[in-house]
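A quick write-up on the structure given underneath.
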Amino acid sequence: MPELPEVETVRQYLLPRIVDRRIVTARFLDHRVLPLMEAAAASQILIGRTIHDITRRGKYLVFWLSAQGMIIVHLRMTGRLFVVDGLGPPAGERCSAWFQLDNGQGLCFQDTRRFGTIYVGDQQLLSEIPGLANLGPDPTSSKWTGSVLHQRIHQRRAPIKSLLLNQTVVAGIGNIYADESLHCAGIHPQRLGLSLDAEECDTLAQCVKDILQSALAYEGTTFRDFRLGYDQTGSFQERLQVYGRTGEECRHCSGSIERISIAGRSSHYCPNCQPS
DNA sequence: GAGAGCCTGGCG
DNA sequence: CGCCAGGCTCTC
């Protein structure tokens, strides 16, 4: 569900609410959320630690705790994190994990489809989680340029859409912002990586940067049941050019937005603005 | 590369 | 009822 702008919005929501708070207890109510560890062992590590900071790498949230402790969260498709008053999960909210804080509030991890994951340990986690250790450059950083993109895809036969979704190529892009970035750059999603020249890579890298930055400014994209924090929603959905607009008019050329499947993911594009 | 699988829920 | 879903991993 959440891509880089949504995960970053969640980080900015959480930070002032839990920084300097101490974890009193940690409860894992669904064992699937903790793939690498028993709930009791994870709780044991967390009890009594203070949350010093939250950072983000791609779509991962990294909680830095006292005494080298660390929690890493991946929301996958439907994960949510929110802080509420109480000494346990609120009635009516199915929390897969609950972190009781020392101010009478708690942090709930909620996840309808249960794909989300929480890792608990020390700073070794950063290199132990394969998906995290092998992430490509973050498009919000200075390491993301057209020449870096070109160098990473110029020998790849995969469609550019798949390469943008590949987190080892670039971190943080998902299905919505891959489609929006390709439309911005005027590049057909099925173009092979090796077919993009240096100039197209410059354009695409800049589009990725601009789209993500704009989406973050609008606090992400919200539809279906996604919420940032407890009940807040983003508004970038009003600015989507192609995603979810199958059959509608392209805002640039008045052509009709088409939808195809690439590597099992729906892909939306304007055949006129993005010729093959 | 493409497809299945992991899960649950909303929508037509 | 079937289809779809903002992610990722594993197999053919």
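Each chain gets a letter, A, B and so on, in the order its sequence line appears, and its residues count up from 1.
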Base, sugar-phosphate, or nothing: which does [X] touch, judged by heavy atoms less than 4.0 Å apart?
| X | result |
| --- | --- |
| A:R156 | nothing |
| A:G174 | sugar-phosphate |
| A:S266 | sugar-phosphate |

Of A:G131 and A:G264, whose closest DNA chain C nucleotide lies nearer the 5' terminus?
->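 Looking at the nearest nucleotide for each, A:G264 comes out on the 5' side.
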
Does a nitrogen or oxygen in the side chain of [X] sit under 4.0 Å from OP1 or OP2 of [N]?
| X | N | value |
| --- | --- | --- |
| A:R259 | C:dA5 | yes |
| A:Q167 | C:dG7 | no |
| A:Y177 | C:dG6 | no |
| A:K59 | C:dG6 | no |
| A:R94 | B:dT8 | no |
| A:H74 | C:dC8 | yes |

Measuring from the side chain of [X] (C-beta onward, heavy atoms only), which nucleotide among [options] has the closest atom?
| X | options | answer |
| --- | --- | --- |
| A:R76 | C:dG7, C:dA5, B:dG1 | C:dG7 |
| A:A158 | C:dG7, B:dG1, C:dA5 | B:dG1 |
| A:N175 | C:dG6, B:dG1, B:dC7 | C:dG6 |

Can you check the [X] [atom1] to [N] [atom2] distance for me, whole Å?
| X | N | atom1 | atom2 | answer |
| --- | --- | --- | --- | --- |
| A:D30 | B:dC6 | CG | P | 15 Å |
| A:Y119 | C:dC8 | OH | P | 10 Å |
| A:K161 | B:dA2 | NZ | P | 12 Å |
| A:D111 | C:dG6 | CG | P | 15 Å |
| A:H31 | B:dC7 | NE2 | P | 8 Å |
| A:R113 | B:dC7 | CZ | P | 11 Å |
| A:F109 | B:dC7 | CZ | P | 14 Å |
| A:L165 | B:dG3 | CG | C1' | 16 Å |

Keeping to residues at least two apart or across chains, list the ring pair (Phe, Tyr, Trp, His ring centres under 6.0 Å) pairs with something in residues 38-73 of chain A.
->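 Non-adjacent pairs meeting ring pair (Phe, Tyr, Trp, His ring centres under 6.0 Å): A:Y60-A:H74.
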
If a pair satisfies ring pair (Phe, Tyr, Trp, His ring centres under 6.0 Å) and one of its residues is in residues 253-276 of chain A, list it, with sequence neighbours excluded.
->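 Applying ring pair (Phe, Tyr, Trp, His ring centres under 6.0 Å) to every pair that reaches into residues 253-276 of chain A, excluding sequence neighbours, yields A:H188-A:Y269, A:Y243-A:H268.
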
Mind telling me whether A:F236 and A:Y218 have parallel, tilted or perpendicular rings, with 30° and 60° as the class edges?
->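 Judged by the thresholds at 30° and 60°, the geometry between A:Y218 and A:F236 is tilted.
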
Hey, could you give me each pair passing side-chain hydrogen bond (donor to acceptor under 3.5 Å, both in side chains) that has a residue in residues 40-50 of chain A? Not counting sequence neighbours.
->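 Matches after skipping sequence neighbours: none remain.
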
Could you name each residue pair satisfying side-chain hydrogen bond (donor to acceptor under 3.5 Å, both in side chains) that touches residues 124-139 of chain A, not counting sequence neighbours?
->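 Every pair satisfying side-chain hydrogen bond (donor to acceptor under 3.5 Å, both in side chains) with a residue in residues 124-139 of chain A: A:R56-A:D138, A:D138-A:T140.
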
Taking atom C1' in both C:dC1 and B:dC6, compute the distance separating them and give it to the nearest angstrom.
->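 That atom pair is separated by 22 Å.
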
Interatomic distance at P, C:dG6 relative to B:dC11, whole Å |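 Straight-line distance between the two P atoms is 16 Å.
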
Any chance you could lay out the salt bridge (Lys or Arg N to Asp or Glu O under 4.0 Å) test for A:K161 and A:D179, step after step, and finish with the verdict?
-> CA-CA 7 Å; A:K161 169 69 186 281; A:D179 283 0; 2.8 Å; yes

With both pairing distances under 3.5 angstrom for Watson-Crick or G-U wobble, and | for a partner in another strand, the correct string for DNA chain C is |||||.||||||

pi-stack flag for A:F115 and C:dC8, centroid dist under 5.5 Å, interplanar under 30° =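 Not stacked: fails the 5.5 Å / 30° test.
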
Between A:C253 and A:C273, is the SG-SG gap less than 2.5 Å?
->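 Answer is no: A:C273 does not pair with A:C253 in a disulfide.
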
Less than 3.5 Å between a donor and an acceptor, one on the side chain of A:E3 and one on the base of C:dG6, is that the case here?
->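 Donor-acceptor pair under 3.5 Å: no.
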
Donor-acceptor pair under 3.5 Å, A:R114 side chain vs B:dC7 base =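 Answer is no: no donor-acceptor pair is held.
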
Polar side-chain atom of A:Q213 near backbone of A:P5 as donor-acceptor pair, under 3.5 Å |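 It does not hold such a pair.
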
Taking ring-ring contact (aromatic ring centres under 6.0 Å, His included) as the test, write out the residues that go with A:H154, two or more places apart.
->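 Once residues adjacent in sequence are excluded, the partners of A:H154 under the ring-ring contact (aromatic ring centres under 6.0 Å, His included) criterion are A:H150.
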
